[in-house]
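To start, the structure itself, in structure tokens.
Model, not experiment: these values are computed from the prediction. Every chain is numbered from 1, with letters handed out A, B, ... down the list of sequences. Computed from heavy atoms alone, side chains included, the values below leave out hydrogens, waters and symmetry copies.
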Amino acid sequence: MNVGRFRRAKSIALIVLATLVSLALLAAAFIASGLYNVAASESHFAVTTKLLAVTLRRSVETHSLSVEGMPSDDDLVPLGANHFAAACAPCHGSPAARRNPVVLNMLPAPPPLGEVASRWSPEQLFWIVRHGFKYTGMPAWPGEGRDDEVWALVAFLQRLPDIGEAQYRDLTGAAGIADRTEGPMPAFADPGANLARSCARCHGAEGAPPVSRRVPALHGQSAAYLERALREYRDGTRSSGFMEPVAAALASGEIEAIVEDYAGYDRIGSPAVAKDAESLERGRLIAQNGVRESGIPPCLACHSGRASKQFPVLAGLSAEYMTGQLSLWRRGLRDRSAYGAIMAVIANRLSDRQIRDVTGYLESLRDARPADAPDPGGARE
Amino acid sequence: MTTGDSTRQTQRAVSIVWLLAYLLAGPLIWSVQFAIVYALHAAACATASEPAAEGWIPLAMAVVTGACVAAALAVVACRGRLNRAIFGTGQGSRAYDVISLLLIVLATIAILWSGLAMALLQPCSLPQI
Amino acid sequence: MTRSPVRPHLVLAVAGIALAGCEGVQSALYASGVEAREIRLLFWVATGVCAAVLLLVMVIGTLALAGSTRVRAWLAREQLVIALGLILPVVVLSGLLTYALLVLQAGAARNASATDSSVTIVGKRWWWEVVYRDADGRSVVSANELRLPLGRPVSLRLVSDDVIHSFWAPNIAGKLDMIPGRVNRLTIQSDKLGVSRGQCAEYCGGPHALMAFHVVTLPDAEYQAWLAREASTARVPTTAAQRRGAALFIESGCGACHSIRGTEARGTIGPDLTHVGSRVSIGAATLPADAASFARWITDNQHIKPENLMPPFRHLAPEDLDALAAYLASLD
Amino acid sequence: MMVKPDRDLPNPGPRPAGEEDLLKRIWETPKGWRVLSAVNNTAVGTAYLGIAFLFFLMAGMLALVMRGQLAMPNSDLVSQDLYNQIFTVHGTTMMFLFAVPAIEALGVLLLPQMLAARDLPFPRLSAFAIWAYVIGGLVFFSTIFYDLAPKGGWFMYPPLTLTEYSPGNNADFWLLGIGFIEISAIAGAVEIVVGTLKTRPPGMTLAKMPIFAWSMLIFAGMIIFAFPAVILATMLLEIERSFGWPFFSADKGGDPLLWQHLFWFFGHPEVYIIFLPAAGLVSMIVPTIARHPLVGYNLIVVALIAAGFFSFGLWVHHMFTTGIPALSLGFFSAASMAVAIPSGIQVFSWIATIAAGRRSFRITTASLFVLGFLFIFTIGGLTGVLVALVPLDFQLHDSYFVVAHFHYVLVGGMVFPLFATFYYWLPMVSRNPLSERAGRWVFWLMFLGFNITFLPMHATGLLGMPRRVWTYPAGLGWESLNMISTIGAFVLGAGVLLFVIDLVRRFRPGEREDQNPWGAGTLEWLPADVYSTRSIPRVASREPLWDQPGLAKDVEAGRYYLPDAPTGGRETIVTTPVEAEPEYIIRMPGNGWAHVWAAVFTASSFLLLTVKLVVPALICAVLAIVSFIVWAWALDHGPAREPVEIGGGIRLATYRTGPSSHSWWAMIVLILVAASLYVAFVFSYLYLWVVSPEVWAPNGAPALPSLHWPAGAALLLIFGTGVIVLAKRLLPEPGRRNLGGACLLLLAAICLAAAGAVEIYGHWSSGLRPTLNAYGAMVYMASALNLQVALAVLIMAGFVVGRGFAGKLDRERRVTFDNTLMLLLYGAGQTLLGLILVHGFPRAVG
């Protein structure tokens, strides 16, 4: 009896196996014959469309479960808006412009994003922007490890449903280039004119501050430093989803022109933010004397404009930008260049509180090297 | 459980305690001497303002050491009586006596060696060579 | 390049290390200090005694295994155990203990009688800051090298800035720990001219293995002359390359961590470099102090000495690097 | 000395048929995966030893990697960071995961056989200890593969191991690994103390105990006093790492040397904790091979006790170079000399025994390992004398000389005896012995390899090479010595490998054919089965198998005590601690799962805490406590039966309370551990005051709270103690149910916890915070230790209430009640002492 049961089980297994093998053979034959039509002009079956939509939604829902840590401040929206105008609107359209017919002939066509925030949670939006979609034309975020940038775009997308054309132009029109998004091709693919305006869109033009506290004011920085930064973005030693595409499109001559412009502008301080006096004082001590026990050299020894022109001047840069960059160093994302490797060592020795104090102090500085600064030797007792 | 039973049990438990005390008398005396002289010296040197001038430190340590040697000798002298007190009559064992005595000898040697250190070294001076 | 009168000795000594691979330059058996000598004698005496005991055990053991019945019967007695296992050790150990305690007391007395602590050594991860007090009571900061006057006792103050280190120059004296929150004092006296080597003896994490130093013994007069020079400000660069190097030193931010007295560089995080070119080694005795080593160290220090606290400076163009290295090597 | 064969045997008649099968069924080891639930000492002990040996092999491979790195100067075979992790894991594993567990395993495996007991009194406790150790140990060791291993050295000196200099979880994994070995060592100590004192066969007085039993008793006693110091140290370090209480930070009044004192107060006795039992094994093997009783049995007992004691006076000899006053060093130098004498006594005792043999000493692999041990250990002891000479140590300390010295002591003193043990006792658990021919090779490879490796290291150290260095420069004269050492290490490794191969080929668990292949005289060579010996003999000498002809036959025929299973379950005879007269029958738990779950959840809880997953860790902790309760619920059988007959007209009760009960003894041992821990704490408190009196109240910290607070806490304690007296009276007569006593006990436990809480509140309201300075940290630590005991008492009291509910608590059946009460009284005493210290001391000196 036992033997009989075993025989039956064996024959069932054989039948199943044979079915599977013939199905696999059929599929192989179909692929090999070339009968399947890959044309974009040919739309999917309705059931396929439905199936793909469900797969996509479920995939996003599941994979976005591990996403957390959305920053919440209004400062993200203008930054996200300007990147949107340059990078997303060409395909997805914007409150100021409809989608281009070229785009509409893609399969799937990039959807308009007006309602996107009501369909996806911020975490899901983050995941989509960060990772893109397979077989659709939606790219993943180009800046390695720059989740902080993705959140800016997400913050904007969340607000997008409430933004009308006027407000959109207002947000993205700082440099008067919002209309360029109506062009047939993405802006970053057009290495044409208006490069300076393209930079100014985020970093601010002469006399105007950047659109967000997360964006550095380049005004009055040395040309050598700015040029190095652009080259690092271009060769990928410094990562940013905002800057790498821009830098990649620049020819050498253009880089020089842009950095000369910004180097020539008058410096722009961050708007004064009320600061805790004790914190400022602690920050001053770090910036001017360093912290000997922790091996932290005084920031101003290098970053006051008197040392190598390759070192940026930190006075007046926004605390948010500096904190963001320090956290990139601490996460190991900025040590690929020779200069970055130096700062990586120091960034890892700073505690969170020290970063808060010292960036606050540096932001409050109006002169690159304050008159009352004792020199680095002041740390010696 | 009756009261008598309970008393007998207690006595048995005590008997191993006393046996251990008898066996370990030497090492226990050594422990006391060692703990006192070391603690005394370390604490006095760490807290005294002018340590080298504190003449009482060697004196106190010498007294403790002498007392401990005396205690060890006393145990040796009273061995017979202790033996009877612990084992009653005829219950003792030569092995316990030998072990106890030899341990006292070893402990006394250890005590005397730390006395040697006291004789040769100045209290509280720092150990450089 | 002009050489001061203190150099010849040192040059010979360093050449000696480099050429001969001089065995014994860091060795308790090649004593060149009073303390190390006394310990060495104690070592040989005690080792001799122990060797004799080992021999005795082996002889008795062999007899017990393979001796004649009579010998074996004689050995198989408790009295033997008492005599050889109890009485013999007590006698031998009493002797050794007395000897060792006498040596210990002699050292302690020497330490107590040395009143002035003219040198402070600070253990850091992973190098040594050496601070001399000159005749006028001024502090002279140096690093990774201890210079001693021949035949004069010197009392070292040993402290730590971070974790526990241990100062050990085996040719001169035994080791002594450097413990945060404590000051330890070690009195040493070198009685032989020349260079020996020492090393951190307490595991201090990371490149503990590469935290070494040199001890240079000079005749008293040369020592005084050297100390006076060490107290002076840095040599002014003379060649164009050196001048370029000096400018690069400031420009690259080196002064944020290092001092070169007489220049703008006044950092206190890394070693004082005022006279770094005159030292036997750099990187806490990992490389000889020549221009090529400086260049290697500046760009590649994380490979030469992993986890050390100096960032690598790889951005310098080759000619800039050479200029900077030439400048540092000229700081004698 | 021949003893006249005793024909008046307790059970002279033939035994009923089926009795042996019943015994077999009761003691059966479960099959398949259920073997995990086994608690029998043979199964559990063999597994324990196997795992410990596995750790030896793994840590040995790390040693080979290190030797590979050091073979040449300036090498970078492994990176600096990995090397630092490797030597930390090698040392930690060898000391904590191999040496101590291997000794405990031998205790679990061999002691019951040598004492002819059916099992040790707390078999599930042993099994629990093993599971905790296996899980914790494997996780700890595996960190080396994920770059997560600690890298502060096995001694973990702060401040290097504080968060500032050791960020990340690496150091916490060390604390985790150590936490487990602490648990299993304490469990082992309880088991072994009670086992050797209470489960000896009738007639085996203390003076007739096998030397191994003596050495294990001393081993356990040393654990009781040494381990609490390292438990406290690891607690302090973890608290400083996690919460910033400054015990070791000099800038807040702590002192890095406090760690060293606590660590070495454990660490030096630890060496003897490892060595003494190994010496005990040698003292068992030598007489058998010489066929002569040990010459100087009493002397060896003296040596073991003296070494056990003196080893507590040596800890500062690891700290000779820290700058302690010369005279203090002198004391420790003197004590270090004193500890050399016992070793001398033992060495010459063994030599005398070898000489005493009727025929010459048989050369077997086991005896080769013993002779190798004698040679190596003698050298290790003599170099130990050199390092104990303070001025010499100034040069030798932390150099390769010390590496050579302690490997001679530990490998010579522990590993060689262990291999002798493998060859000598393997026939007890395996059908085949190991190959003698391969054994010669194993011995000579290991012996030569060992000496080639470590003998040159003496010179390497004298030539100035420090320990724990990842690499070294060429030209200092160290190259050839290091190369020789590396070659030797691989020869040694080859020897061990050959042993493993032979072991795999020959080891077959099961009964041996030849019951006593070496012709030994001690009881572990009696015929035995899963239930141990068929009956439990009465012995009259130290070598009963030599002196009582026919003993083996009579025992096997069930003519001695307890040939059957009168209670129907697992049991053995408990005898009096000194004279070994039968006292009662202990009923022991069988196979089970609760202790396995308890170990799994305890391990998980620690692990999750290490990686800072607090909520899951707490859940696991609760599950662990639940498992403990399930486990403990079945233990207090109560006096359900009439006294049973074990033979010879002796009738024994099957239940005891009070000082003759084994659980009373276990509680005493635990209380001793807790007390040692508290003494270590009091030492730490006073020590830090000596180092930095300036941070003590009232000058360096907020003034002490007014005396109302401690007075209130003391009143609560006194009230609680008074309640206990009442609680004892309220226990019901058997068969009745009355929860009064149990509830009052719970009330007393609550008073104890409340007293701790009041104390903390008083300090908190005075403004003192534990992170303020070392004084604040110590004050709160005192309360933390008290509350820890209070928490245990609360859980136990709740358990007692549960027993009352279930009707399992009365005037007779009261072991759980008594144990809780003892711990409660101890807790009250400790808390009171804490109050006096914390409130009295600063007032007295300020």
Side-chain angles (χ1 to χ4, degrees), chain C residues 21-29 39 42-43 46-47 50 53-54 57 60-61 64-65 72 75-78 80-81 84-86 89-90 93 96-97 100-101 103-105 107-108 162-164 166 168 170 174-177 179-182 184 199 201-205 207-209 306-307, chain D residues 79-81 84 151-153 157 159-160 165 250-251 255-257 295-296 299 321-323 326 329-330 333-334 337 340-341 344-345 347-349 351-352 354-356 360-361 374 378-379 382 385-386 389-392 394-395 397-399 462-464 466 468-472 474-477:
Chain C
C22 201
E23 206 168 295
V25 75
Q26 175 174 332
S27 164
L29 297 180
I39 296 177
L42 173 62
F43 170 75
T47 304
C50 288
V53 172
L54 178 65
V57 173
I60 305 254
L65 277 172
R72 286 176 52 232
L75 287 174
R77 291 182 305 164
E78 280 201 19
L80 176 96
V81 181
L84 294 181
L86 179 60
V90 169
L93 294 177
L96 285 179
L97 181 65
L101 293 178
V103 175
L104 182 62
Q105 173 57 25
D162 35 53
V163 301
I164 301 177
S166 189
W168 187 29
K175 61 187 71 65
L176 190 59
D177 292 355
I179 299 168
R182 290 171 177 256
N184 276 338
Q199 196 165 350
E202 179 60 67
Y203 176 65
C204 51
H208 157 66
E307 294 178 54
Chain D
S79 73
Q80 171 183 288
D81 190 56
N84 291 346
K151 42 192 165 184
Y157 280 0
L160 181 60
Y165 303 109
D251 55 344
D255 187 8
L257 285 190
V295 177
L299 289 173
T321 64
T322 55
L329 301 187
S333 186
M337 296 290 144
I341 300 175
I345 293 178
V347 166
F348 283 102
S349 277
I351 292 180
I354 291 171
S360 66
F361 199 66
L374 269 178
T378 305
I379 293 182
L382 290 169
V385 169
L386 297 184
L389 300 171
V390 182
L392 252 186
F394 290 159
Q395 286 285 24
H397 177 71
D398 270 347
S399 77
L462 285 163
L463 289 178
R468 298 157 190 146
V469 290
W470 161 60
T471 187
Y472 55 93
L476 296 176

Taking the side chain as every heavy atom from C-beta outward, state whether [X] and [Y] have any atom pair closer than 4.5 Å.
X	Y	result
I164(C)	P159(D)	yes
R77(C)	V295(D)	no
T322(D)	R182(C)	no
Y157(D)	I179(C)	no
W168(C)	T321(D)	no
V103(C)	L392(D)	no

With only heavy atoms counted, which part of [X] is less than 4.5 Å from chain C, the side chain, the backbone, both or neither?
X	value
I341(D)	both
L257(D)	side chain
Y472(D)	neither
D251(D)	neither

So how far is it from [X] [atom1] to [Y] [atom2], rounded to the nearest 0.5 Å?
X	Y	atom1	atom2	answer
I39(C)	Q395(D)	CD1	CD	4.5 Å
L476(D)	Q199(C)	CG	CD	8.0 Å
L86(C)	I345(D)	CG	CD1	5.0 Å

Minimum heavy-atom separation for [X] and [Y], please, with both atom names.
X	Y	result
G323(D)	N184(C)	CA-OD1, 3.6 Å
F348(D)	V81(C)	O-CG2, 3.7 Å
A326(D)	A108(C)	CB-CB, 4.3 Å
A250(D)	G181(C)	CB-CA, 3.5 Å
L93(C)	A340(D)	CD1-CB, 3.8 Å
R468(D)	H208(C)	O-CD2, 3.2 Å

Winner by heavy-atom pair count (cut-off under 4.5 Å) against chain C, out of [options]:
options	answer
S79(D), A356(D), P256(D)	P256(D)
D81(D), L389(D), L382(D), L386(D)	L382(D)
T378(D), V347(D), L374(D)	T378(D)

Task: Counterpart residues, side-chain contact (heavy atoms from CB on, under 4.5 Å), relative to Q80(D) (two or more places apart) - done: P207(C), L210(C), P306(C), E307(C), N84(D), W470(D)
Task: Contacting moiety of L101(C), where chain D heavy atoms sit under 4.5 Å - done: side chain
- [ ] Take L75(C) and I354(D) through the test side chain to side chain contact (heavy atoms under 4.5 Å, CB included) and record every step on the way to the result.
- [x] CA-CA 9 Å; L75(C) 287 174; I354(D) 291 171; over 6 Å; no
Task: side chain to side chain contact (heavy atoms under 4.5 Å, CB included) between S166(C) and D398(D), worked out - done: CA-CA 9 Å; S166(C) 189; D398(D) 270 347; 5.7 Å; no
